[in-house]
Protein chains: 2
Amino acid sequence: MSDWEAPRVLLAVDLVILTVRGSSLQVLLVERGVEPFEGALALPGGFLRDVEEDIPAAARRELEEEAGLADEPHLEPLGVYGEPGRDPRGRVISVAHLAIAPRLPEPVAGTDAAQAWWKPVDDVLSGRLELAFDHRRIVADGVERARAKLEHSALATAFCGDTFTIAELQQVYEAVWGAQLDPRNFYRKVQAAPGFIVPAGDERRPGNGRPARLFRAGPTDSLNPPMVRSAQ
Amino acid sequence: MSDWEAPRVLLAVDLVILTVRGSSLQVLLVERGVEPFEGALALPGGFLRDVEEDIPAAARRELEEEAGLADEPHLEPLGVYGEPGRDPRGRVISVAHLAIAPRLPEPVAGTDAAQAWWKPVDDVLSGRLELAFDHRRIVADGVERARAKLEHSALATAFCGDTFTIAELQQVYEAVWGAQLDPRNFYRKVQAAPGFIVPAGDERRPGNGRPARLFRAGPTDSLNPPMVRSAQ
DNA sequence: GTAGCTTCTTGTCAAACTGACACAAAATTG
DNA sequence: CAATTTTGTGTCAGTTTGACAAGAAGCTAC
């Protein structure tokens, strides 16, 4: 074993960037500009730039280069995908990350070289949209992570802007979970969770009906009691 | 960028193997036989054997080679730890896994070359025990994962043997959470969770007092309603 | 300006769940 | 057989949930 040498692998970073647009949960996809899978839809991502680059730093770099999201959205490691044979260029280990972007009305700022679009995750999960590599599984894992974290953490606020109404927050829950919630019970629940949201002045934002109070994300990240997704 | 070549890194697999012994949560540690950190305590693990080896396969191989756990315990990916400089031998990316072993009275079957011990996780988390590399953080993340999963999944049954009493299951919760639970409410709760545990014959196992009914793990992995760890 | 519509916010109420605890049941020990 | 220990069942008050009524506060149409 003294002359044995550990194998070396290529390290990539892939991003599952989620947002809520309208009433649907969407994921950012790019068109691949190089082989393999040239022209196919894929998650934004790329190889480590050099052997000294930190993994979170690489994720933030790709977030800016490929998605044009310079401001810091929520970003967390999601998992490792390294099946042999998943990439014809050799043994590639991909470290997937989950990013949450606030509502962006624009169809995504133009990116590096390739084009990028927001696509409904339902189209990806149902197979209506084909993705390169094993990216469909990565999206599925990212969505499931987001769904689970909405129950016990304040992740939902990352989908919103700096300030938001309770109804907007509810739309996030409904889009991510794909379920309808009662506005009145939702209102009661989020207010009761200590530290989840705090009033942002008594300003209001006009809509169609009665104006709503504005809130911003509170200090605590863990929700107790949790939000429950049970019977519809 | 055409003559640019992606950097290659070393890939390692580390294992956080947890079990409950007596009333404390313990983790399996080995004494390192080679530099760096020779002689120090560390998590079992090692490099990928060859460039074609699958990551879960490598985790199972280390589980058997270094921990002597040939039968299949619960095993799941935990996270990636790849900070530059964490290993003097070069850029090493470690894929940590969480394994749950049932109660083993023996102080661990003798392993490959080095020795192995069960150590209370409290000693690791408090810093009373020094670990090589960033393994203390990995243990902390593994323990937190286990604590969280006990709430919403049937993971607790992985700590038990094939059949177990409700009191034994409660000891698992108490050891992992580090909290006391009311036996009568616990009894009611686990019975009410559909598919969590199912009666295993009407056999019983003598103890000191009244004999207890035996159960085995049920079909469902997700607990609804969840077990809650709140007030002490 | 008033009627009508929309959305936000506050209540109400029965059913379910939780946490604390009394107590019966079934074994072992002295 | 009495004492002890642990398992299993029941009770009960306080809290939370889910469904829904109704008031409050804006906009639009006539």
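Any value given below was found using the heavy atoms of this structure, including those in side chains, with hydrogens, waters and symmetry copies removed. Since we're looking at a predicted model, the values are computed, not measured.
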### Message
Between Asp141(A) and Tyr81(A), do the side chains contain a donor N or O and an acceptor N or O under 3.5 Å apart?
### Response
yes
### Message
Please tell me whether Asp14(B) and Ser94(B) have a donor and an acceptor in their side chains that are separated by less than 3.5 angstrom.
### Response
yes
Please report, rounded to the nearest Å, how far the [atom2] atom of [N] is from the [atom1] atom of [X].
X	N	atom1	atom2	result
Leu169(B)	dG8(D)	CG	P	12 Å
Asn224(B)	dA16(C)	CG	P	16 Å
Glu168(A)	dC8(C)	CD	C1'	13 Å
Leu214(A)	dT7(C)	CG	C1'	14 Å
Asp182(A)	dC13(C)	CG	C1'	14 Å
Phe164(A)	dC8(C)	CZ	P	14 Å
Met227(B)	dC17(C)	CE	P	14 Å

### Message
Can you list everything that forms a salt bridge (charged side-chain N to carboxylate O under 4.0 Å, His left out) with Arg188(B)? Sequence neighbours excluded, please.
### Response
none
### Query
Who pairs with Phe133(A) by ring-ring contact (aromatic ring centres under 6.0 Å, His included), at least two apart in sequence or on another chain?
Phe37(A), His135(A)
### Query
With sequence neighbours left out, what residues match His97(B) under ring-ring contact (aromatic ring centres under 6.0 Å, His included)?
none
Could you work out, with side-chain hydrogen bond (donor to acceptor under 3.5 Å, both in side chains) as the rule, every residue matching [X], not counting sequence neighbours?
X	value
Asn208(A)	none
Thr19(A)	none
Glu168(A)	Arg205(A)

Protein-nucleotides 25-30 of chain C N/O pairs closer than 3.5 Å?
unit_1	atom_1	unit_2	atom_2	d
dA25(C)	O4'	Arg210(B)	NH1	3.4
dA25(C)	N3	Arg210(B)	NH1	3.1
dT28(C)	O4'	Asn208(B)	O	3.2

### Query
Listed in order of residue number, which residues of residues 183-195 of chain A have a non-hydrogen atom at under 4.0 Å from DNA chain C?
Arg184(A), Tyr187(A)
### Task
For dT7(D), take OP1 and OP2 only and decide whether either is under 4.0 Å from a side-chain N or O of Arg213(B).
no
### Message
Applying ring-ring contact (aromatic ring centres under 6.0 Å, His included) as the test, list every pair that has at least one member in residues 151-182 of chain A; sequence neighbours left out.
### Response
His152(A)-His152(B), Tyr173(A)-Trp177(A), Tyr173(A)-Phe186(A)
